[in-house]
Amino acid sequence: SSAVAFAPSAWIDSLIRSIAQLAAVQGPLWLVVGFLVLIVLYRNRTIHRASGAGAPLPDGPDGEEKKSASGMTPLSVWSPVALMGVAATWVTVMLAGYAIKQVWIISRYVSPLAPVLLLAITVFAEWLMNGRRVGLDGRRLGRRALLAGVVLTLALNWGVTVRQVVPHARSFPACLQECYGGTGDWLRENTPDDTVVAALDIGLLGYASERRVLDLMGLVSPEILELGREKGFGEMVEDGDWLQSGTEPPDYFVDRAEDPARWDGRTVHGVRFELLETCTIDGVGLREPQPWAVSLYRLVSTESSVKSSAGG
């Protein structure tokens, strides 16, 4: 079934992970937007008071709404506020969609929110620099502040790129090739053609092993996708429920975790995990820079000493 199961606890867990990633990569932008919102609302309140007990000014003889001494109409604040509403709606829809669809969140998945936030900051800043009470010097100061913000943002991005992104981009492919490629080569050389391998990261492993993979993130395994949406992908993997996703459990399992032997010796749903080998990759992104252990397990049914289809 392709329907999304009603699993509030899994949705909440996914939403919390999404918000954590959003705070990690865009937290400063949201603080700036929140600060500008407070300033805009405070200034709008001042304009209302200046226009007469908070009431809008009557229309002028030409039918246009009159401006207060500040040079702004009391209702003009709704332009930046409306844009903020668009940004908030975009954030809500995107994060809620991830939660409902049980998308396994990484930091780049929230990057489409950044342009909306930057646009909101620009509109707020322009609104604050408008009006007769903001003189030429004030406008110049505001433009310099905006320019300084742009330069600082570019400098920070350049620093992150040079210090973290480029070194990681250069070293990570070699780690993948040595670890996942090496594990895939071993599986190709030591297992029958009909072997099934369960894994969290399937790309290079599946290519090098030339074996059928059970994708524990559900991208190419519909049975895992359905199970993950019902229970939550994190809990499904930790509990080993993926072992029961088909008529028979897989033959091997390639895990990625900080603990290189977290499954070794465990028996889950009638399947015993036997650790064969481990290797290490140097982080999987800017938000998870710590070394990760990639571990290969043979899965043995407790009903027989070794599954008939397993080799090695």
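Just so we're clear, the structure is a prediction, and the values are computed from it rather than from any experiment.
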Side-chain touch [X]/[Y], heavy atoms, less than 4.5 angstrom:
X	Y	value
Met217	Leu225	no
Val294	Thr278	no
Val220	Ile202	yes
Pro291	Ile281	no
Tyr252	Leu276	yes
Thr280	Cys175	no

Might you work through the side-chain contact (heavy atoms from CB on, under 4.5 Å) test for Thr183 and Val254, ending with a clear yes or no?
CA-CA 9 Å; Thr183 300; Val254 178; 4.1 Å; yes
Applying side chain to side chain donor-acceptor pair (under 3.5 Å), name anything that partners Tyr297, two or more places apart in sequence or on another chain.
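Residues passing side chain to side chain donor-acceptor pair (under 3.5 Å) with Tyr297: none at all.
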Testing the basics here: between [X] and [Y], what is the closest heavy-atom pair and its distance to 0.1 Å?
X	Y	result
Gly240	Val268	CA-CG1, 4.1 Å
Val213	Gly206	CG1-CA, 3.9 Å
Pro250	Trp242	CG-CZ3, 4.0 Å
Asp215	Leu200	OD1-O, 4.1 Å
Asn190	Trp186	ND2-O, 2.8 Å

As an exercise, state the distance from [atom1] of [X] to [atom2] of [Y], rounded to the nearest 0.5 Å.
X	Y	atom1	atom2	value
Leu216	Arg256	CG	CZ	11.0 Å
Ser209	Leu187	OG	CG	5.5 Å
Leu214	Ser245	CG	OG	4.5 Å
Asp264	Arg266	CG	CZ	10.5 Å
Leu243	Glu248	CG	CD	12.5 Å
Glu274	Trp263	CD	CH2	15.0 Å

Is atom CZ of Arg188 surrounded by more than 12 heavy atoms (other residues, nucleotides or ligands) closer than 6.0 Å?
yes
Would you say CD of Glu178 has more than 12 non-hydrogen atoms from neighbouring residues, nucleotides or ligands within 6.0 angstrom?
no
As a quick check of understanding, evaluate side-chain contact (heavy atoms from CB on, under 4.5 Å) for Thr302 and Val271, giving each step before the final call.
CA-CA 6 Å; Thr302 56; Val271 176; over 6 Å; no
Does the side chain of Thr191 come under 3.5 Å of the side chain of Arg211 through a donor N or O and an acceptor N or O?
yes
Strictly by modelled atom types, are Asp241 and His269 linked by a side-chain donor-acceptor pair under 3.5 Å?
yes
Pair Glu238 + Arg262: basic N to acidic O under 4.0 Å:
yes
Salt-bridge contact Asp251-Arg298 (side-chain N to carboxylate O under 4.0 Å)
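Salt bridge: no.
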Under the side-chain contact (heavy atoms from CB on, under 4.5 Å) criterion, do Val197 and Thr195 qualify, and how do the steps go?
CA-CA 7 Å; Val197 182; Thr195 295; 4.1 Å; yes
Please check this pair: side chain of Ser295 against backbone of Pro260, looking for a donor-acceptor N/O pair closer than 3.5 Å.
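Yes, the answer is positive, given that a donor and an acceptor are paired below the 3.5 Å cut-off.
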